[in-house]
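Just so it is clear, the model here is predicted, and its values are computed rather than measured. In this chain, residues are counted from 1 in sequence order. The basis for the numbers below is simple: all heavy atoms, side chains too, and nothing from hydrogens, waters or symmetry mates. Every number for a ligand or one of its atoms is a count from 1 in the order of the listing.
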Amino acid sequence: MNLVLFGPPGAGKGTQSKILTENRGMPQLSTGDMLRVAIEAGTPLGLSVKATIANGELVSDETVIGIIAEGYDQPACKDGAVFDGFPRTILQAEALDRMLVERGKKIDLVLELKVDEAVLLSRVEARIKAGGVLRSDDTPETLAHRLEVYYKKTAPLLDFYRGQGKLKSVDGMAPVETVTAQVAAVLDGVLA
Ligand code: AMP
């Protein structure tokens with residue numbers, strides 16, 4: 001199954017992707033994780049995206065489309081993958097559709113984790129107060145900007161996928177276990 005997990009930054013896409021990998025063996029393809037690995041390793045790609053990510057801007061479509069194709073062509077993804085944080089623009093969504101068609105595949109489901117913006121900000125603030133380890137782009141200011149970018153460039157994808165009849169939503173505000181159970185129920189319904 002090819003699943004797109006959709007939602008604003010901090011909605012819990014990464015958490016649910018990792019749970020799907022653990023419980024169902026579905027490989028996670030997170031463009032954010034891949035880019036952070038490149039930054040850590042100091043590769044040319046990492047160096048080229050470091051400032052963009054720290055500022056909460058989107059990396060170029062060309063860059064993320066390239067790394068997604070590379071990731072998807074690994075043997076681990078032969079039965080599909082969970083796309084986490086990709087696509088984030090209409091151009092990326094169209095490129096993903098084309099990439100899958102070329103491989104005789106398709107997106108089976110786009111699952112939106114619905115969350116409230118004020119709660120996302122307060123979660124980051126709580127993590128800062130607790131002295132938690134933060135990403136370079138996990139400050140209240142940058143998160144506010146990432147949310148702005150999300151609503152402007154990424155949220156329009158909801159209509160794109162609704163139009164394809166692929167969009168389903170779950171309540172991302174519920175406790176993690178509840179969200180996990182809701183995600184499982186939707187997936188089982190699609191697979192049935
Ligand atoms: P994430 O971990 O998914 O929140 O991604 C962290 C950052 O990586 C984003 O704020 C962007 O700067 C960059 N990024 C990740 N995925 C994409 C994408 N699909 N398109 C553009 N930029 C991305």
Side-chain angles (χ1 to χ4, degrees), residues 2-21 26-73 77 81-100 107 110-117 119-121 123-125 127-128 132-158 160-161 166 172 176 179 183:
N2 289 299
L3 166 70
V4 174
L5 272 187
F6 200 90
K13 301 185 296 291
T15 302
Q16 291 302 324
S17 299
K18 289 190 170 72
I19 292 171
L20 286 170
T21 302
M26 295 170 75
Q28 173 197 22
L29 286 181
S30 158
T31 38
D33 282 354
M34 292 188 247
L35 293 168
R36 280 184 289 276
V37 166
I39 291 173
E40 275 298 305
T43 63
L45 167 68
L47 292 174
S48 72
V49 299
K50 193 172 176 177
T52 308
I53 290 186
N55 292 332
E57 299 290 346
L58 291 187
V59 168
S60 79
D61 288 328
E62 199 189 2
T63 300
V64 287
I65 290 164
I67 61 173
I68 269 292
E70 208 178 294
Y72 191 75
D73 285 335
C77 297
V82 181
F83 294 90
D84 162 14
F86 180 94
R88 264 174 154 99
T89 63
I90 296 281
L91 209 137
Q92 290 177 23
E94 289 169 347
L96 177 59
D97 279 350
R98 274 198 304 277
M99 179 190 95
L100 291 171
I107 292 169
V110 178
L111 193 50
E112 177 196 15
L113 303 178
K114 267 188 184 292
V115 287
D116 183 270
E117 183 173 341
V119 172
L120 296 178
L121 284 167
R123 278 184 193 167
V124 173
E125 276 158 13
R127 281 210 293 271
I128 292 169
V133 179
L134 292 171
R135 291 163 25 176
S136 68
D137 57 352
D138 235 0
T139 63
E141 296 74 27
T142 313
L143 179 63
H145 185 58
R146 285 162 64 207
L147 282 170
E148 226 174 85
V149 171
Y150 169 80
Y151 287 111
K152 195 162 151 206
K153 299 195 171 153
T154 307
L157 287 177
L158 289 169
F160 177 89
Y161 286 123
K166 293 191 171 157
V176 173
V179 179
V183 169

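Taking CG of L35 as the start and CZ of F86 as the end, the distance is 11.0 Å to the nearest 0.5 Å. Rounding to the nearest 0.5 Å places CG of L121 at 5.0 Å from CG of L143. Separating the CG atom in L3 from the CZ atom in F83 is a distance of 9.0 Å, to the nearest 0.5 Å.
Shortest non-hydrogen contact noted between L147 and P9 is CD2-CD, 3.9 Å. When all heavy atoms of A38 and L45 are compared, the pair lying nearest together is CB-CD2, 3.9 Å. In this structure, V82 and S17 approach most closely via the heavy-atom pair CG1-OG, 3.7 Å.
Considering only non-hydrogen protein atoms, atom 22 (N) of ligand 1 sits nearest to V59 N, 3.0 Å. Of the protein's non-hydrogen atoms, the one nearest atom 14 (N) of ligand 1 is L35 CD1, 3.7 Å.
A donor-acceptor contact shorter than 3.5 Å is absent between the side chain of K153 and the backbone of R88.
Near R146, meaning under 4.0 Å from any of its heavy atoms, are these atoms of ligand 1: 4 (O), 10 (O). Heavy-atom proximity to Q92, at under 4.0 Å, picks out these atoms of ligand 1: 18 (C), 19 (N), 20 (N), 21 (C). Listed by number with element, the atoms of ligand 1 under 4.0 Å from a non-hydrogen atom of E57 are 11 (C), 12 (O).
By the criterion of a heavy-atom distance under 4.0 Å, neither the backbone nor the side chain of V49 is placed next to ligand 1. With a 4.0 Å cut-off on non-hydrogen atoms, L58 touches ligand 1 through its backbone as well as its side chain. In D61, neither the side chain nor the backbone holds a heavy atom less than 4.0 Å from any atom of ligand 1.
Any N or O atom pair closer than 3.5 Å counts here, and D84 shares no such pair with ligand 1. Polar contact check, T31 against ligand 1: a nitrogen or oxygen pair lies under 3.5 Å apart. Not a single N or O atom of P87, backbone or side chain, sits closer than 3.5 Å to an N or O atom of ligand 1. Of the polar atoms of R36, at least one N or O is found under 3.5 Å from an N or O of ligand 1, judged by distance alone.
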Run the side-chain hydrogen bond (donor to acceptor under 3.5 Å, both in side chains) check on D61 and T89 step by step: do they pass? CA-CA 8 Å; D61 288 328; T89 63; 2.9 Å; yes

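Using a 4.0 Å cut-off between a side-chain N of Lys or Arg and a carboxylate O of Asp or Glu, D97 and K166 do not qualify as a salt bridge.
Nearest residue to atom 17 (C) of ligand 1 from R88, K13, K50 is R88 (criterion: closest heavy atom).
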